[in-house]
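Quick notes on the structure that follows.
As the structure is a prediction and not an experimental result, all values here were calculated from the model.
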Amino acid sequence: MFKPNEKSDRLNYCKMLTCPDGYSLDFALGTTYSLDLETLAAVCFAFGADSEFSESMMNNPVILLNAFQKISDKILVFSEPGQIHLPNKITKLDFLLEKMVVSVLLEKVGNSYPAFHPKIWVLRYKNVDGEYLYRLLVLSRNLTFDRSWDFCFSIDGRVDKTQSNGKELSDFIDFLHQTIPETLTNSEQKKAILTELSKEIRQVYFSTNNKDFNNFIFMPLGIGKESYPIYEERLLNRYKSFDELIVFSPFISNEMMEEFNQNGRNSQRHKRTLFTRDFALRKIGNKNLTNFDVYTIKDTIFEGEEIISEDSEEETGKQHQDIHAKLYQLDYKKEHYFYFGSANATYNGFNKNVEVLCRLDSDGYQCAKFKRDLIGDKNNSAFQKVDISNLEVESEDNNKAITDRLEQGIKEICHMQSIGVVSKTNEEKFDLVLNIEIPRDFDKTNYEISLFNCKKKATFEEKMEFKDLELMELSEFYIVSAKTLNENGEELCVERIIKIHTSPIPEEREKTVVKSIINNRETFFEYISYVLTDDFIVTSFENTNKKLLGLEHIEKTEMPAIYEKLLKTCLMDNSRIKDLQFVMDNIEDTTIIPDDFRKLYEVFIGAMGEQL
């Protein structure tokens with residue numbers, strides 16, 4: 001189950017999102033700390049196409065357009081403000097992601113804002129009989145392409161009149177409901193969906209269907225009076241003892257490790273084990289680790305991509321690999337508790353941030369088994385034991401301290417009252433004014449704002465103007481750049497995407513995106529093939545082969561087959577026809593949509609009538 005060297009113990013993220021047999025996605029709610037737009041696009045593809053993606057598919061705008069259309073009103077992602085990362089390449093379709101993203105603005109605690117740090121998916125699937133299946137994914141991974149070692153847990157549930165364990169998850173959804181701004185596209189509709197989902201979840205029983213684990217408990221932290229009383233759990237209650245403890249956390253703090261290290265909680269030496277990152281150890285030293293055996297990931301794993309490609313001139317794409325999962329295992333007599341989720345073993349993780357932890361109970365899965373699974377064969381293990389006897393605290397990296405301050409500045413900007421006002425100057429050009437209420441004590445000298453899809457920039461002021469913009473340069477996404485010099489005179493820069501309500505953005509923008517992608521007859525019929533398919537992978541393969549053989553043109557003899565597929569698709573899922581209708585309404589060029597197809601489509605619409 002936790003053997004990192006065995007493929008059978010590894011999970012495929014996209015597979016966990018795809019629909020169970022006989023079901024289609026009805027709604028998806030996700031939470032994350034950091035967010036990559038490219039990763040969100042890949043998730044949208046997994047939902048919309050209901051299949052795994054390949055690089056060629058993700059680079060095909062026709063496929064992505066169809067997937068985005070299917071999913072855009074069925075997905076909502078909540079993220080930490082100031083932690084949306086710039087994509088490697090901005091595309092026309094990125095605009096369609098705006099209405100899916102909510103930055104969660106939390107109240108200040110003291111002089112700083114808590115972090116919004118949970119990583120979950122709540123998925124509601126629906127079958128042809130109108131029955132719902134609910135899936136909960138609890139992860140340690142953010143919505144990014146990071147390659148660290150993470151953990152994911154999946155559990156399904158259905159409404160059960162005799163038992164339920166969804167109250168705490170329902171409370172968490174209610175908390176998210178409160179963070180949706182009125183300015184979000186279709187905000188009332190999305191709030192209504194979350195209200196409905198929360199009410200349903202209270203009646204759902206999530207079953208582990210696993211002989212080793214039972215008694216699933218969802219534990220939201222940092223959400224006010226509905227927060228789970230985590231300090232009543234044996235894991236953190238200093239008045240309750242344990243026989244053995246494993247802490248698996250990439251980040252640790254002295255406050256929390258002191259809690260776990262207390263002598264009074266366990267009389268037996270070497271019954272506590274810590275798995276963490278090397279730099280985390282050097283940040284706190286060994287004072288509160290005296291009762292722990294300590295492990296870190298081996299250098300050959302951490303630097304694996306550099307070692308593999310050390311003879312290559314290609315430097316892009318290489319990443320360090322370290323642990324990022326947050327796991328806690330505790331044994332007490334015949335009781336065995338397994339905790340997992342987003343909370344690091346830090347003070348903020350358990351006392352300040354919005355987090356999610358879950359607990360499973362087990363009759364037989366003990367700490368010793370968990371440890372054996374993780375470490376495995378010592379000669380082939382991914383982990384190395386650390387001698388902490390001479391471990392000393394290292395001074396903080398000055399550059400990191402500076403970039404952390406810049407990041408906090410961007411987070412402050414996200415919390416400022418702001419609005420973008422668009423005005424049309426002529427039939428093709430627009431002006432944009434950004435108004436931001438900047439507190440007097442905020443040092444704005446290090447910051448500038450640029451538009452998401454063009455190079456126009458402005459120094460950070462209470463009023464910023466951008467003139468003569470194209471329609472496709474309007475967006476609610478903006479790029480904030482924070483720059484300063486370190487003590488050596490070297491420039492340090494942090495760039496993030498922030499979201500600012502901007503209006504009125506003309507509806508023609510989405511139409512323009514569609515027209516720019518479906519711009520000839522071949523791309524139109526390729527689009528049709530994805531609207532009507534039940535298997536994106538097979539259709540993508542067939543379309544690729546047609547292009548290679550020069551057979552991408554649709555012949556008149558193929559029209560009856562298309563008509564038959566239209567009828568079948570309408571009966572199975574008429575929402576797909578609505579996506580096609582949007583394209584038919586907005587593309588009038590007969591060189592793109594031939595008259596033969598329009599006539600066939602009109603006959604189809606007349607035949608289906610109320611079915612649509």
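Applying the ring pair (Phe, Tyr, Trp, His ring centres under 6.0 Å) test between Tyr328 and each of Phe151, Phe370, Phe350 identifies Phe350 as the sole match. With Asn142 as the partner, the side-chain contact (heavy atoms from CB on, under 4.5 Å) test is satisfied by one option alone out of Asp36, Leu35, Thr32: Thr32.
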Point to revise | Derivation of the side-chain contact (heavy atoms from CB on, under 4.5 Å) call for Val122 and Leu197 | key: CA-CA 9 Å; Val122 182; Leu197 185 62; 4.1 Å; yes
Practice item. Could you walk me through whether Leu245 and Tyr337 pass the side-chain contact (heavy atoms from CB on, under 4.5 Å) test, one step at a time? Key: CA-CA 10 Å; Leu245 171 69; Tyr337 304 109; over 6 Å; no
Review point. Can you list the steps and then say if Asp146 with Ser148 is a side chain to side chain donor-acceptor pair (under 3.5 Å)?
Key: CA-CA 6 Å; Asp146 183 74; Ser148 295; 2.7 Å; yes
Point to revise | Chi angles and distances behind the salt bridge (charged side-chain N to carboxylate O under 4.0 Å, His left out) call for Asp171, Arg202 | key: CA-CA 9 Å; Asp171 291 338; Arg202 283 183 181 270; 2.6 Å; yes
Review point. How far apart are the C-alpha atoms of Lys167 and Glu226, what are their side-chain angles, what is the distance that settles it, and do they pass the salt bridge (charged side-chain N to carboxylate O under 4.0 Å, His left out) test?
Key: CA-CA 10 Å; Lys167 177 189 177 300; Glu226 299 301 334; 3.7 Å; yes
Review point. Given Phe292 and Asn261, is the side-chain contact (heavy atoms from CB on, under 4.5 Å) satisfied, shown in steps?
Key: CA-CA 7 Å; Phe292 279 90; Asn261 196 55; 3.5 Å; yes
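Expressed to the nearest 0.5 Å, how far CD1 of Ile388 lies from CG of Asn286 amounts to 5.5 Å. For the atom pair CG (Leu40) and CG (Leu97), the distance works out to 5.0 Å, reported to the nearest 0.5 Å. Remark: Leu360 CG to Ile217 CD1 distance equals 9.0 Å, nearest 0.5 Å. Within the model, atoms CD of Gln178 and CD1 of Ile173 stand 12.5 Å from one another, a figure rounded to the nearest 0.5 Å.
A salt bridge links Arg238 with Glu259; the closest basic N to acidic carboxylate O contact falls under 4.0 Å. The residues Glu200 and Arg158 are annotated as not salt-bridged, no charged nitrogen and carboxylate oxygen being separated by less than 4.0 angstrom. With respect to Lys119 and Glu355, no salt bridge is recorded, no charged nitrogen being found less than 4.0 Å from a carboxylate O. Classification of Asp293 and Lys385 as a salt-bridged pair holds, one side-chain N sitting under 4.0 Å from a carboxylate O.
Contact annotation: the side chain of Phe251 approaches that of Arg277 to within less than 4.5 Å [non-hydrogen atoms, C-beta and beyond]. Two residues are said to be in side-chain contact when any heavy atoms from C-beta on lie closer than 4.5 Å; Ile180 and Leu76 meet this criterion. Looking at heavy atoms from C-beta onward, Asn88 lies in side-chain contact with Glu38 at the 4.5 angstrom threshold. With contacts defined as side-chain heavy-atom distances shorter than 4.5 Å, the pair Phe153/Cys358 does not qualify. Within the 4.5 Å cutoff, the side chain of Ile284 has heavy atoms near those of the Ile252 side chain. Contact check for Phe338 versus Arg359: no side-chain heavy atoms found under the 4.5 Å cut-off. Between Leu136 and Trp121 the shortest side-chain heavy-atom distance does not fall below 4.5 Å. Within the 4.5 Å cutoff, the side chain of Lys371 has heavy atoms near those of the Tyr295 side chain.
For the residue pair Ala345 and Met257, the shortest heavy atom distance occurs at CB-SD, 4.4 Å. Scanning both residues, Phe78 and Leu176, for their nearest heavy atoms gives CE2-O, 3.5 Å. Counting all heavy atoms, side chain and backbone alike, Ala325 lies closest to Pro250 at O-CD, 3.2 Å. Annotation for Gly22 and Asn127: closest pair O-CB, 3.2 Å, computed over non-hydrogen atoms. Closest non-hydrogen pair, Val354 versus Gly222, comes out as CG2-O, 3.4 Å. Between Ile497 and Leu37, the closest heavy-atom pair is CD1-CD1, 3.7 Å.
Under a cut-off of 6.0 angstrom, the local environment of CG in Asp21 is sparse, with at most 12 non-hydrogen atoms contributed by other residues, nucleotides or ligands. Within a 6.0 Å sphere centred on NZ of Lys240, other residues, nucleotides and ligands contribute more than 12 heavy atoms. No more than 12 heavy atoms of other residues, nucleotides or ligands lie within 6.0 Å of CD in Glu392, so this atom counts as exposed by the packing criterion. Counting heavy atoms of neighbouring residues, nucleotides and ligands inside a 6.0 Å radius, atom NZ of Lys108 exceeds 12 of them. Around the OH atom of Tyr347, the shell of radius 6.0 Å holds no more than 12 heavy atoms that belong to other residues, nucleotides or ligands. For Lys191, the NZ atom counts as densely surrounded, since its 6.0 Å shell holds more than 12 non-hydrogen atoms of other residues, nucleotides or ligands.
The closest side-chain donor-acceptor pair between Asn288 and Asn254 falls under 3.5 angstrom. Under the 3.5 Å distance criterion, with hydrogens and angles disregarded, no donor-acceptor pair is assigned to the side chains of Thr346 and Asn344. In summary, the side chains of Asn399 and Asn486 do present a donor paired with an acceptor at a separation below 3.5 Å, with no hydrogens or angles considered. Judged by distance alone, the side chains of Ser362 and Asn214 never bring a donor and an acceptor atom under 3.5 Å apart. Between the side chains of Ser198 and Ser170, at least one donor-acceptor pair of N or O atoms lies under 3.5 Å. Side-chain contact check for Asp156 and Tyr125: no donor-acceptor pair (N or O, by modelled atom type) lies under 3.5 Å. In this model, no donor atom of one side chain and acceptor atom of the other lie less than 3.5 Å apart for Tyr231 and Glu233. Counted by atom type alone, Ser207 and Asn209 present one or more donor-acceptor pairs between their side chains at under 3.5 Å. A donor-acceptor pair shorter than 3.5 Å can be found between the side chains of Thr195 and His177. In this structure, a donor-acceptor pair under 3.5 Å is absent between the side chains of Gln366 and Gln329. A side-chain N or O of His324 and one of Asp150 form a donor-acceptor pair less than 3.5 Å apart.
The aromatic ring centroids of Phe275 and Trp149 lie 6.0 Å or more from each other. In this structure, the ring of Tyr33 has its center less than 6.0 angstrom from the ring center of His117. Taking the six-membered ring for Trp, Phe206 and Tyr134 have ring centres at least 6.0 Å apart.
For Val109, the side-chain contact (heavy atoms from CB on, under 4.5 Å) partners are Pro114, Lys352, not counting sequence neighbours. Checked against side-chain hydrogen bond (donor to acceptor under 3.5 Å, both in side chains), Lys199 has no partners two or more places apart in sequence or in another chain. Arg282 pairs by the side-chain hydrogen bond (donor to acceptor under 3.5 Å, both in side chains) definition with Asp278, not counting sequence neighbours.
Taking the six-membered ring for Trp and thresholds of 30 and 60 degrees, Phe172 and Phe175 have nearly parallel ring planes, at less than 30 degrees apart.
Cation-pi geometry between Arg234 and Tyr332 is met: the NZ or CZ atom falls under 6.0 Å from the ring centre, inside 45° of the normal.
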